[in-house]
2 protein chains.
Amino acid sequence: MGIKLYDLAGAEPNRRFSPFCWRIKMALAHQGLQFETIPWRFSDKPLIAQYKWERVPVLIDDGRAVVDSWTIANYLEDNYADRPALFGGGAGRALTRFYDQWTGAVLHAGMSRFVMLDICERLEPRDRDYFRTSREARFGMTLEAYCADREARLAAFRQSLEPLRQTLTAQPFLGGESPLYPDYIVFGGFQWARAVSPFVLLEAADPVNAWRERLLGAFGGFAREAPGYW
Amino acid sequence: MGIKLYDLAGAEPNRRFSPFCWRIKMALAHQGLQFETIPWRFSDKPLIAQYKWERVPVLIDDGRAVVDSWTIANYLEDNYADRPALFGGGAGRALTRFYDQWTGAVLHAGMSRFVMLDICERLEPRDRDYFRTSREARFGMTLEAYCADREARLAAFRQSLEPLRQTLTAQPFLGGESPLYPDYIVFGGFQWARAVSPFVLLEAADPVNAWRERLLGAFGGFAREAPGYW
């Protein structure tokens with residue numbers, strides 16, 4: 001039966017924008033595992049209700065369901081131990097947690113104010129009301145207000161990437177000479193933005209952008225082939 | 001001849017406040033290595049000029065000098081490979097870089113506006129003019145202005161620790177079940193603040209504070225025994 005992944009999609013079935021799905025797709029490619037993705041929309045919650053979960057990614061491996069990106073990454077590392085390592089050992093696995101938390105609290109939170117309105121515009125019509133209503137309640141304002149003044153916010157967003165920038169000036173990947181799962185965690189955020197928004201978040205000469213380009217080109221250009229704006 | 005470490009000191013020779021020296025002292029304790037510290041002041045640059053360096057830590061191991069905390073940590077890992085690992089393998093070593101950069105760009109930069117004036121007041125009189133002049137030129141204002149309104153800045157500082165807090169809610173140390181060098185990198189920042197300033201930066205119930213307490217108690221309370229305020 002192989003590996004299947006429920007993967008968040010827009011109105012165009014191939015526009016895949018979940019940062020959490022992207023990290024798993026990159027992990028699967030890293031391990032050289034064949035997989036098939038199933039486009040999934042916010043209104044498709046009934047499709048995954050059997051797994052007692054209501055978000056993606058949901059990975060189905062030979063009929064067994066695994067949910068939550070951190071759990072899936074650990075599952076892949078432990079169950080495909082003969083494949084290239086995602087964490088590079090116990091220390092690497094433990095040290096990956098902070099990358100996950102930094103990505104949520106700083107990278108995704110920062111990007112959110114650039115991409116949320118773009119996401120809404122790229123959803124299937126049946127997803128838009130749910131998305132707008134739930135996000136506007138969370139943010140306490142309209143999506144238009146939340147994503148206003150992007151140009152004015154850009155410098156502070158880029159500044160928040162300074163630890164990433166300095167690290168990627170010292171070495172080509174967060175994992176060192178080659179990427180590890182922390183690279184895919186962070187890269188997933190950039191794929192989120194790229195998939196939905198033409199607003200360019202990085203300067204071309206930024207070492208973070210050079211690293212992003214290396215990952216766009218990895219695994220035969222797997223990430224670059226996906227629909228995206230920059 | 002053993003291991004000696006030039007270690008930044010205040011007017012009281014035992015008040016040691018360099019965050020970069022603290023990470024190395026914790027690394028030496030982690031490895032179970034005996035070492036002696038040499039109190040060093042900013043005006044003692046001539047004492048380390050022979051090593052073509054003008055900052056501490058400077059580590060002298062059986063007559064061989066190693067400078068810069070990252071280089072020293074790598075030296076210790078490579079030269080005392082029979083001792084408890086600081087990085088836990090090649091992936092761990094590469095993944096440690098981002099902790100170093102985050103600590104500089106976020107933790108130290110944030111703490112700086114809480115502690116700089118306190119540092120100045122705890123220096124030997126011969127160090128104070130140099131410290132005040134060089135820092136005021138860097139910050140573009142007096143130390144008093146730079147460290148004003150600490151109460152008002154506290155919430156944003158604590159918020160900036162959110163990735164650390166979430167990580168340390170999921171596991172006891174950044175390194176997992178036991179500390180690794182990334183723990184000491186971040187902890188060094190907290191020792192910097194503790195050594196010079198009575199201003200309490202963390203709530204007692206903060207998971208970051210619980211982790212700090214665990215490290216204060218590590219190695220027989222080595223870090224807690226050092227002069228400090230909280």
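Residue numbers begin at 1 in each chain, while the letters A, B, ... track the order of the sequences. Keep in mind that this is a model prediction, so the values were computed, not measured. All values below come from the heavy atoms of this structure, side chains included, with hydrogens, waters and symmetry mates left out.
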Problem - Interchain contact, L95(B) with chain A, by part (heavy-atom threshold 4.5 Å) - result: both
Exercise for the section: Would you give the length of the straight line joining atom CG of L168(A) to atom CD of Q101(B), rounded to the nearest 0.5 angstrom? Expected result: 9.5 Å
Handout entry: Proximity breakdown for Q171(B) and chain A, heavy-atom pairs closer than 4.5 Å
Key = side chain
Practice task
Against chain A, label F173(B) side chain, backbone, both or neither, depending on which of its atoms sit under 4.5 Å from a heavy atom there.
Solution key: neither
Problem - Inter-residue atom distance Q166(A).CD - D100(B).CG, 0.5 Å rounding - result: 9.0 Å
Handout entry: Residues, nucleotides or ligands: over 12 heavy atoms within 6.0 Å of E144(B) CD
Key = yes
Practice task
Count the heavy atoms belonging to other residues, nucleotides or ligands that lie under 6.0 Å from CD of Q34(A), then report whether that count exceeds 12.
Solution key: no
Exercise for the section: For each of S160(A), A91(A), A85(A), G104(A), tally heavy-atom pairs with chain B at distances under 4.5 Å, and name the one with the top tally. Expected result: A91(A)
Problem - Heavy-atom check, side chain of Y99(A) versus side chain of Y99(B), under 4.5 Å - result: yes
Practice task
Give the member of P182(A), A94(A), P163(A) that has the highest number of heavy-atom pairs under 4.5 Å with chain B.
Solution key: P163(A)
Fill in the blank from the handout: Here the gap from W102(B) atom CH2 to F98(A) atom CZ, rounded to the nearest 0.5 Å, amounts to 4.5 Å
Problem - CD (E177(A)) with more than 12 external heavy atoms under 6.0 Å - result: no
